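Encoded as structure tokens, the structure appears first; notes follow it.
No hydrogens, no waters, no symmetry mates; every other heavy atom, side chains included, goes into these values. For this chain, numbers begin at 1 and follow the sequence in order. Owing to the predicted nature of the structure, the values given are computational and were not obtained by experimental measurement.
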Amino acid sequence: MTIKQSNRGQTHFDFLIGFSVFIVAVMLVFASAPQLIAPFSESDAADPLRADRVATDLAESTFVDTPSSTQINTTAATAFFDEPDDVHTTVGLDTRTPLNISVVSTESGEPLSSNGVEYTFGEPVPERAGQVSVTQRVLQVDDESYWLSVRVW
């Protein structure tokens, strides 16, 4: 029985190409790893989309009678701020999301109030909160302008 032997061994070019393919594959795995886990990681960054969505919802549907109006329906706004336990549910946010909503005068900076209910919700923004997203809309009550401010951190 005869065994045929090949005189051809592994050349330097074969080794170089194989090792290069291996290194490129490892680099691609490490480069794509952050994107693979990003949807599951919590971020401390502020979320401007949440603040904008909440402000738009309040200014265009919850506080006004018609979407094109900027005139506040004080009955609806008072009912919103009168039940602080339901605010997170009404705006569609988790109760763990820090939120501050206020309606203040554009001239004096004083909060709007009606029937003994002050139009503010949430704790003041802490000094060391990190990034805070603020969205504002202009609303009117009896020909006076007010800022609707929504802060999320």
Side-chain angles (χ1 to χ4, degrees), residues 14-153:
D14 292 337
F15 179 76
L16 182 64
I17 290 171
F19 191 70
S20 299
V21 169
F22 175 74
I23 293 296
V24 168
V26 169
M27 289 174 53
L28 286 174
V29 168
F30 282 119
S32 64
Q35 288 85 12
L36 294 174
I37 63 171
F40 306 108
S41 65
E42 289 290 324
S43 174
D44 290 338
D47 192 354
L49 295 177
R50 284 186 188 177
D52 189 54
R53 182 182 57 81
V54 170
T56 300
D57 182 47
L58 293 175
E60 293 182 3
S61 65
T62 305
F63 291 166
V64 296
D65 293 325
T66 59
S68 61
S69 173
T70 59
Q71 188 72 27
I72 293 179
N73 178 345
T74 54
T75 306
T78 302
F80 176 83
F81 286 106
D82 195 26
E83 297 293 330
D85 295 335
D86 296 337
V87 170
H88 278 90
T89 305
T90 303
V91 298
L93 292 178
D94 186 15
T95 55
R96 296 176 291 171
T97 303
L99 176 69
N100 180 293
I101 302 171
S102 60
V103 180
V104 297
S105 172
T106 56
E107 294 176 13
S108 67
E110 295 294 318
L112 177 64
S113 62
S114 176
N115 297 329
V117 176
E118 194 171 276
Y119 286 18
T120 59
F121 169 78
E123 298 177 16
V125 178
E127 291 180 22
R128 298 184 150 248
Q131 296 181 2
V132 178
S133 292
V134 180
T135 301
Q136 295 183 320
R137 301 285 190 273
V138 176
L139 299 174
Q140 292 183 332
V141 176
D142 300 329
D143 296 329
E144 288 186 44
S145 296
Y146 289 87
W147 284 110
L148 165 66
S149 298
V150 177
R151 294 171 184 87
V152 177
W153 65 95

Evaluate the side chain to side chain contact (heavy atoms under 4.5 Å, CB included) criterion for residues Gln71 and Leu139: first the C-alpha distance (whole Å), next the side-chain angles of each, then the deciding distance (0.1 Å), finally the verdict. CA-CA 6 Å; Gln71 188 72 27; Leu139 299 174; over 6 Å; no

Show your working on side chain to side chain contact (heavy atoms under 4.5 Å, CB included) between Asn73 and Val64 and close with a plain yes or no. CA-CA 5 Å; Asn73 178 345; Val64 296; 5.9 Å; no

When you look at Ser102 and Arg151, which way does the side chain to side chain contact (heavy atoms under 4.5 Å, CB included) test go after all the steps? CA-CA 9 Å; Ser102 60; Arg151 294 171 184 87; 3.6 Å; yes

Begin with the C-alpha distance, continue with both residues' side-chain angles, and end with the deciding distance and a verdict on side chain to side chain contact (heavy atoms under 4.5 Å, CB included) for Phe121 and Asn100. CA-CA 6 Å; Phe121 169 78; Asn100 180 293; over 6 Å; no

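Ring orientation note: the planes of Phe19 and Phe22 are tilted relative to one another, at an angle of 30° to 60°. Taking the six-membered ring where the residue is Trp, Tyr119 and Phe81 present parallel rings, their angle staying beneath 30° rather than reaching 60°.
Taken from CG in Asp142 to OG1 in Thr74, the straight-line distance is 7.5 Å, to the nearest 0.5 Å. If you take CD1 on Ile101 and CG on Leu148, they are separated by 7.5 Å, rounding to the nearest 0.5 Å. We find the CZ-OG1 distance between Phe80 and Thr62 to be 6.5 Å, quoted to the nearest 0.5 Å. In this structure, OG1 on Thr75 lies 12.5 Å from CZ on Phe63, to the nearest 0.5 angstrom.
The minimum heavy-atom distance linking Ser133 with Pro48 is given by the pair OG-N, 3.2 Å. In terms of heavy atoms, Asp52 sits closest to Thr135 at N-OG1, 3.4 Å.
Although no hydrogens or angles enter the test, the distance criterion places a donor-acceptor pair under 3.5 Å between the side chain of Thr106 and the main chain of Ser145. The main-chain N or O of Val150 is never found under 3.5 Å from a side-chain atom of Arg137 such that the two would form a donor-acceptor pair.
Within 6.0 Å of atom CZ in Arg50, 12 or fewer heavy atoms from other residues, nucleotides or ligands are found, so the atom counts as exposed in its surroundings.
The shortest distance between side-chain heavy atoms of Val138 and Trp147 falls below 4.5 Å.
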